[in-house]
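All remarks here apply to the structure that follows.
Hydrogens, waters and symmetry mates are skipped; everything else that's a heavy atom, side chains included, is used. Every chain is numbered from 1 and lettered A, B, ... according to where its sequence line falls, protein lines coming before strand lines.
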Amino acid sequence: MMNNLNIRKNNEYESQVRQFLKDLPITLPCIRSVVFIDANHIQVEVIPSDILQFYNTVKPRFLFILLTMVALDRRREYANWQVRTIWCISETPIFLEVVTNIDQSNTVPELPSITPLFPAANWYEREMYDFFGIVPVGHPDPRRLAMHYHWPNTNFPLRQDENRSTFPPYISNDEYFQNRTTGSGVMEIPVGPIHAGIIEPAHFRFSAVGETIVNLEATFFYTHKGIEKQLEGLSIEQARYIIERTCAACTVANTLAYCQALEQIAGTSLSSRATFLRVIFAELERLYNHIGDTGNLCAGVGFHVGIQEGAALKEILLDLQERLTGSRYLFGVLRLGGVGVDLSPSDLSLLHKTLAEVRKRYQRLIKTMLLNTSVVDRFTGAGIIFQRTARELGAVGVAARACGVDRDVRRDIPYAAYTQFNPIAIPLRISGDVLARLEIRIEEVAESFRLIDAAIQHLPDGAIQVPLGSLPAASSGFSLTESARGAVCHWFLIGPNQTIKRARLRTASYVNWPLVPRAALNNIVPDFPLINKSFELCYSCLDR
Amino acid sequence: MKRSWLGFRPFTSSYPQKKETPAAAVRGRPALNLELCTGDAMCAQNCPTQAIKSSPWRVDLGKCLFCGACAEACPEQAIQMSSEFELAARYRLNLVVDGTGKPVDPLLSPELPTPKRSRNLLPMLPETELEVLTATLKSQITATFHRSLHIRHLDAGSCNGCDWELTTLLNPIHDVQRLGIDFVASPRHADLLLVTGIMTRNLTLAAIRTYQAMSEPRLVVAVGACGCSGGIFGASYAGGGGIDTVLPVDVYIPGCPPRPQALIYGLLMAMGRLNPSHEFENKHKD
């Protein structure tokens, strides 16, 4: 995963970070063991009671970016619970994996909460309680997250002794919607979970004074399907079908993270044709998402020409994808060890021709939109996210780049054939409003066109798929990819006979959703659909 | 749809008046060539949703993901992914088809899926008698929807794919409004509830309330493999198993996700605008 590091953006911290990691065991006696998994991945074990001391010591040194947090029920094998927290340090491609083992003898497994130190850990820790019953002690908001008010309080579905198909009884628990804003003139507007358009379900509870939003409580996980439980024990081939369908709009990014994680564990090296095709598919996915989003943004301000043109362009791309791969949403294009669909010369020329036309029409659409003052006025200054908020919540993707957080996995930790197309232009804005997010999308679309054209031009010959090789039991790995919405980080633990033992799927929407209520603050209620659309996050890959 | 719009302004598709032949890569109903089949059941073993059963060979289109794994796995290449996508059916049983696409005789396959309201946990659903009464009336009532149908979409735990496909119905190319079909914001204004997803536990209550908010006569259409059977996600602690575990379904539209044309076909079936041989019939020519 981490080859070709020489071409990423220069990071002056890298040598400091390496020195810091080398000195870790000396500076911190609370560390029980240190394992260098490879040159860029270090695993440290900290006992649960020392966890806050550990983070308090290391936090001021560097910027810690939370990638994912995985809880494991290891009572059968090792008589303990394990929590693994994976960090990226100071935007270098160096990963720190903090492992905590909680002894089984505790009747209620507990772990000090790190959310007060790192707000980004909020949902991970609440989910840890939801699925495993591991209590984050000191968490500022310990309500259940995925389990709504009708779930029994004793049901922790991802524990090993919970049956996958046992359907827990309905109960009534009225304390669920507790965070209320009160005061004179405060009006509550409940919206959802069934919304007025063709969109996914979530419950938004606005507290407004006049038209201004003073608080927004959002409840998600309505489409929680229990994917992580279902993946347990599945063969790696079967698991691919489920991971593809975690989210239709980011299927390439999700499946690519899955394939890369397993290929990294097995030590597979891909044919260069496969890596180029992966770039083409990943960029096609980004294209149709961004172009569709541009049209959807027009829907937020009632600019109908833009809505229809955006929808038409998206349809052209979906239709193109169906002609090339057989699936309008690119299901099944990626395989472990390569890709499942080859592009013939006639396919490539169709791709090139269609994209040239789409590019021309997209530029015309952008011009029409940005020359229309009533559109631009609504976009400007709406839904501002400050860089500090974005950094604290660990924002990724378009939302992060729109407020000056310069992160893109394609450049920082290159995968597939992205190293071949350097330098990849990563747009950046600092204003953090709806207009900034639109501008980022516009520039990313231009870059995707360039990347696909370059990939078509230099597409090497060769096989499209190689055998994956065997995966040793109990090995684990993770991989990062950049979806249209931001960085995806999936973590997998392999079981016996080439099966998945545990999967933790963390998508871009999972990280970015907490930003939306922040962006809505002090805006007027009618602007919320616009602000929401400018993030364009999925509910399905958040809820899993 | 003609392809000559490439480079020009797109024009609206004339499906279903004009039949459409999909591109060669499109994966429709898996078709079996019985002469080549050796009965090694490789297709059944490799099917991610166990939609295929061998001896006699049959496929449950309500579970099928149209992924092509069966065709890839067959050493004799007896299975081909046909381009057939007009697969919607009024009864769940009719989605279980043999190698040629004919529904399997229910008496021959005892394990056929039957719609069961397995999660009738909330005492809010209509009584069975009322449902029977509604069903008898429905055939006459669908005549009411011949020229105008208002749809309320409900996501009950989909992967977003079916929902994106539903939004494409409103784009300038598919434009279902030309068929008198439109999407409305409130269930109170809707004739038809178009449900995608596996019916998760967290959404069950909202789904039932949406259904109850609709006025009679009302139709329910289950969209996609998830809506028909739970699809790849099946049933788990978080719910699932398809829409008919909670709501009475009138038409099932298989696909993962169904193509926009397949959706239009299913909606026309729900409206009663297809004749007995399942051809589009424009009864009200202006």
Side-chain angles (χ1 to χ4, degrees), chain A residues 146 148 150-151 155 157 162-170 193-194 196-201 221-227 229-230 237-238 241-242 245-249 251 292 308 311-312 314-316 318-319 322-329 331-332 341 353-354 357 538-541 543, chain B residues 1 6-7 10 22-23 25-27 46 48-49 65-69 81 119 121-122 153-168 170-174 183 185-187 197-198 200-203 205-207 209-210 231-240 256-257 259:
Chain A
H148 287 182
H150 46 69
W151 293 77
N155 181 256
E162 287 285 347
N163 191 335
R164 183 197 129 163
S165 52
T166 309
F167 190 82
Y170 279 87
I194 313 291
I198 309 176
I199 47 168
E200 296 176 273
F221 291 89
Y222 280 95
T223 69
H224 177 62
K225 299 182 268 291
I227 289 181
K229 183 77 175 178
Q230 292 182 355
E237 266 306 317
Q238 295 272 313
Y241 292 100
I242 292 193
R245 285 161 179 82
T246 307
C247 172
T251 172
Q308 294 304 324
K314 185 176 173 184
E315 176 67 24
I316 293 174
L318 292 179
D319 193 75
E322 189 182 42
R323 285 166 171 268
L324 298 179
T325 69
S327 166
R328 283 162 61 89
Y329 292 91
F331 285 146
V341 177
K353 211 172 111 193
T354 315
E357 179 58 29
C538 331
Y539 304 70
S540 174
C541 56
D543 301 350
Chain B
M1 204 199 303
L6 198 74
V26 173
R27 295 187 292 261
N46 280 282
T49 53
L65 300 181
F66 302 88
C67 59
M81 300 307 281
R119 269 191 287 143
L121 298 161
L122 304 154
H153 160 251
L154 172 66
D155 178 345
S158 77
C159 75
N160 219 350
C162 294
D163 311 272
W164 280 124
E165 287 298 44
L166 293 176
T167 53
T168 64
L170 293 171
N171 72 23
I173 291 159
H174 297 296
F183 287 85
S186 167
I198 62 169
T200 58
R201 176 198 173 101
N202 284 347
L203 270 166
L205 187 63
R209 285 195 180 149
T210 309
I232 185 80
F233 304 113
S236 73
Y237 70 90
C256 192
R259 313 174 68 218

Check: After noting the C-alpha distance and the side-chain angles of Leu203(B) and Ile194(A), does the key distance pass the side-chain contact (heavy atoms from CB on, under 4.5 Å) rule?
Finding: CA-CA 9 Å; Leu203(B) 270 166; Ile194(A) 313 291; 4.3 Å; yes
Item checked: Test side-chain contact (heavy atoms from CB on, under 4.5 Å) applied to His150(A) and Asn202(B), step by step -> CA-CA 8 Å; His150(A) 46 69; Asn202(B) 284 347; 3.2 Å; yes
Check: Hey, mind stepping through Tyr237(B) and Lys229(A) against side-chain contact (heavy atoms from CB on, under 4.5 Å) and telling me if it holds?
Finding: CA-CA 9 Å; Tyr237(B) 70 90; Lys229(A) 183 77 175 178; 3.6 Å; yes
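When all heavy atoms of Tyr329(A) and Glu165(B) are compared, the closest pair comes out as OH-OE1, 3.1 Å. His224(A) and Ala238(B) make their closest contact through O-CB, 3.3 Å (heavy atoms, listed as atom of the first residue, atom of the second, distance). Closest approach of Lys225(A) and Ser236(B) over heavy atoms only: O-OG, 3.5 Å. Considering all non-hydrogen atoms of both residues, Ile242(A) and Ile232(B) come closest at CG1-CG1, 3.4 Å.
For the options Leu170(B), Thr49(B), Leu65(B), Asn46(B), heavy-atom pairs under 4.5 Å to chain A are most numerous at Leu65(B). Comparing Glu237(A), Glu200(A), Gln238(A) by heavy-atom pairs within less than 4.5 Å of chain B, the highest count is held by Glu200(A). Between chain A and the residues Gly157(B), Ala23(B), Gly161(B), Pro48(B), the largest count of heavy-atom pairs under 4.5 Å involves Pro48(B). Of the listed residues Ser540(A), Gly197(A), Cys538(A), the one with more heavy-atom pairs under 4.5 angstrom with chain B than any other is Ser540(A). Per-residue heavy-atom pair counts under 4.5 Å with chain A were compared for Asn160(B), Thr210(B), Val26(B), Leu154(B), and the maximum is reached by Asn160(B). Among the candidates Ser327(A), Pro157(A), Gly332(A), the residue making the largest number of heavy-atom pairs closer than 4.5 Å to chain B is Pro157(A).
Contact annotation for Cys256(B): both backbone and side-chain heavy atoms come within less than 4.5 Å of a heavy atom of chain A. Interface residue Leu318(A): only side-chain heavy atoms are found under 4.5 Å from chain B. Contacts of Arg328(A) with chain B are made by side-chain atoms alone, with heavy-atom separations under 4.5 Å and no backbone atom involved. If you measure heavy-atom distances from Gln230(A) to chain B, the contacts under 4.5 Å come from the side chain alone. Proximity to chain B (any heavy atom under 4.5 Å) is shown, for Thr251(A), by neither the backbone nor the side chain.
Residues Trp164(B) and Lys314(A) form a side-chain contact, since some pair of their non-hydrogen atoms from C-beta on lies under 4.5 Å apart. Side-chain contact between Thr200(B) and Tyr222(A): absent, with no pair of heavy atoms (C-beta onward) separated by less than 4.5 Å.
A cation-pi contact, defined as under 6.0 Å to the ring centre and within 45° of the axis, links Arg201(B) to Phe167(A).
Note: His174(B) NE2 to Glu315(A) CD = 3.5 Å, rounded to the nearest 0.5 Å. Atom CD1 in Ile198(A) sits 11.0 Å away from atom CG in Asp155(B) (nearest 0.5 Å).
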